[in-house]
Participant: 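Quick one: the structure is below, questions incoming.
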Amino acid sequence: MNKPDYEDQLLNTPYPKPDAYGSLSMPVYNAAAYEFKSAADMEAAFCGQTTEHTYSRISNPTVQYFEERVKQISGAFGVTALNSGMAAISNVFMSIAWSGANIITSNYLFGNTYSFFANTLKAFDVEVRFCDLTNEKDIRDNIDDNTCAIFLEIITNPQMEVVDLKSVSAIAREKHVPVIADTTLISFSAFSAKNFGVDIEVVSGTKYISGGATSIGGLIIDYAAFDWAKNRRLNPLAKEHGNCAFHYKLRKEIHRNFGAYMDPRTAYLQTMGLETMHLRYEKQSQTCLQLAKRLQTLPGIESVNYTGLPDNPFFELSCRQFGKTPGAMLTFNLESKEACFQFLDKLKSIRRATNLFDNKSLAIHPASTIYGNFSQSQRDEMNVSSKTIRLSVGLESADFLLEDIKQALATVVC
Ligand SMILES: *Cc1c(COP(=O)(O)O)cnc(C)c1O
């Protein structure tokens, strides 16, 4: 995506109706319901003949404007804003899976996504097949007639594995299975999922989009590129709606029934966040690369994991897919869990907190927190080491962050 186009699109998406007061930002319509001039208008709106809003669990002007802006810059067919990244992921699978279906994925997954697959969906007889998504044969061998999707994270957290999206999407096309990608770790200002064969993109808006961790939100971005006649659940709808069957199912049934639509105040905050996301992303990712390089030289740090480092096994693939500065998250290993705890306790400026891509830098020990309730064997399978610290780089300078890291390390090393 080239930059002037991106910014011009982003800042010039018109409102669907002129604002009565000429407000420069979309007002927050904190309304539950909407009034109609006549019973006939009401019937038309409720039955989908017109696009008037009826009730804010279904659609809301402020949320719709946020969706429209994302749609303009992503080139998607349909965008749905939900009240968390997890709501986005669960709404997708509630729309496409069926009892007896299976999902091809890796066990390198965000903790709640893993739990949603392994615990929640399992109760409804949806099987999850944890594969090595860097191994084409493993993917092929696991796909069968009941496969409803390949699901992946574009850079896994905290393992930092990168899957070759073009090769996975080629297998998916050949086998008539959609590719669903969680793209939270790379901002869509720097990466076009559509160009890499992703059919449905899910994003936790809580991260880069929210503009400094202002709110929890999620997006489903649908490129209407998949022939849903090939999906057993959506096949009947595909006869009428073709590649738009997923969007139709989601908007007319699933998101209404699950009731996790985005709140208008969140949509306002995330619309504001979207306007500066590309600038924050660029700065935070550049700082992250600088830090990654310098951390490699520090005593006490056993290894640094960032796919923008030339000696990283995913470096070339990561450059091809995400450019030279692949996001603002890195991990590094110290000699033990105890060393990690000591290090975290000594940090003065970097905050001890979960979350990613806040304006402030955040550090966490994933094994004892995000994966704290997993068994040791699950953590081993997921390659979540007790020696790993995860750092989300904010808007501070690399020098400032490095000073803090050095002083905290000094207490661990001696
Ligand atoms: C945070 C995150 C999620 C979940 O998003 P929420 O907004 O917290 O529900 C999903 N995937 C990834 C990769 C994340 O980092």
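Counting starts at 1 for both ligands and their atoms, following the listed order. Note that these values count all heavy atoms, side chains included, but never hydrogens, waters or copies made by symmetry.
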Participant: Does this structure show an ion pair linking Arg251 with Glu67, if we count only N-O contacts that are shorter than 4.0 Å?
Facilitator: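 Salt bridge between Arg251 and Glu67, a charged N being under 4.0 Å from a carboxylate O: yes.
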Participant: Mind running ring-ring contact (aromatic ring centres under 6.0 Å, His included) on Phe246 and Phe77 for me, showing each step along the way?
Facilitator: CA-CA 11 Å; Phe246 168 77; Phe77 164 76; over 10 Å; no
Participant: Do any pairs count as a ring-ring contact (aromatic ring centres under 6.0 Å, His included) and have a residue in residues 136-187, sequence neighbours left out, and if so which ones?
Facilitator: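 Matches after skipping sequence neighbours: Phe93-Phe151, Phe117-Phe151.
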Participant: Name each donor-acceptor pair under 3.5 Å that joins a side chain in residues 221-231 to protein atoms two or more places apart or in another chain, with its distance.
Facilitator:
{"from": "Asp222", "atom 1": "OD1", "to": "Ala224", "atom 2": "N", "distance (Å)": "2.8"}
{"from": "Tyr223", "atom 1": "OH", "to": "Glu201", "atom 2": "OE1", "distance (Å)": "2.6"}
{"from": "Asp227", "atom 1": "OD1", "to": "Ala229", "atom 2": "N", "distance (Å)": "3.1"}
{"from": "Asp227", "atom 1": "OD2", "to": "Lys230", "atom 2": "NZ", "distance (Å)": "3.0"}
{"from": "Asn231", "atom 1": "OD1", "to": "Arg233", "atom 2": "N", "distance (Å)": "2.9"}
{"from": "Asn231", "atom 1": "OD1", "to": "Leu234", "atom 2": "N", "distance (Å)": "2.9"}
{"from": "Asn231", "atom 1": "ND2", "to": "Ile96", "atom 2": "O", "distance (Å)": "3.2"}

Participant: Does anything in residues 290-300 pair up under salt bridge (Lys or Arg N to Asp or Glu O under 4.0 Å), and if so which pairs, sequence neighbours excluded?
Facilitator: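 Qualifying pairs: Arg294-Asp399.
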Participant: Protein N/O near ligand 1 N/O, under 3.5 Å, which pairs?
Facilitator:
{"from": "ligand 1", "atom 1": "5 (O)", "to": "Ser204", "atom 2": "OG", "distance (Å)": "3.0"}
{"from": "ligand 1", "atom 1": "7 (O)", "to": "Gly85", "atom 2": "N", "distance (Å)": "2.8"}
{"from": "ligand 1", "atom 1": "7 (O)", "to": "Ser204", "atom 2": "OG", "distance (Å)": "2.8"}
{"from": "ligand 1", "atom 1": "7 (O)", "to": "Thr206", "atom 2": "OG1", "distance (Å)": "2.6"}
{"from": "ligand 1", "atom 1": "9 (O)", "to": "Gly85", "atom 2": "N", "distance (Å)": "3.0"}
{"from": "ligand 1", "atom 1": "9 (O)", "to": "Met86", "atom 2": "N", "distance (Å)": "2.9"}
{"from": "ligand 1", "atom 1": "11 (N)", "to": "Asp182", "atom 2": "OD2", "distance (Å)": "2.6"}
{"from": "ligand 1", "atom 1": "15 (O)", "to": "Lys207", "atom 2": "NZ", "distance (Å)": "2.8"}

Participant: Under 4.0 Å between a Lys/Arg side-chain N and an Asp/Glu carboxylate O for Glu174 and Arg140?
Facilitator: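 Between Arg140 and Glu174 there is a salt bridge, with a charged N closer than 4.0 Å to a carboxylate O.
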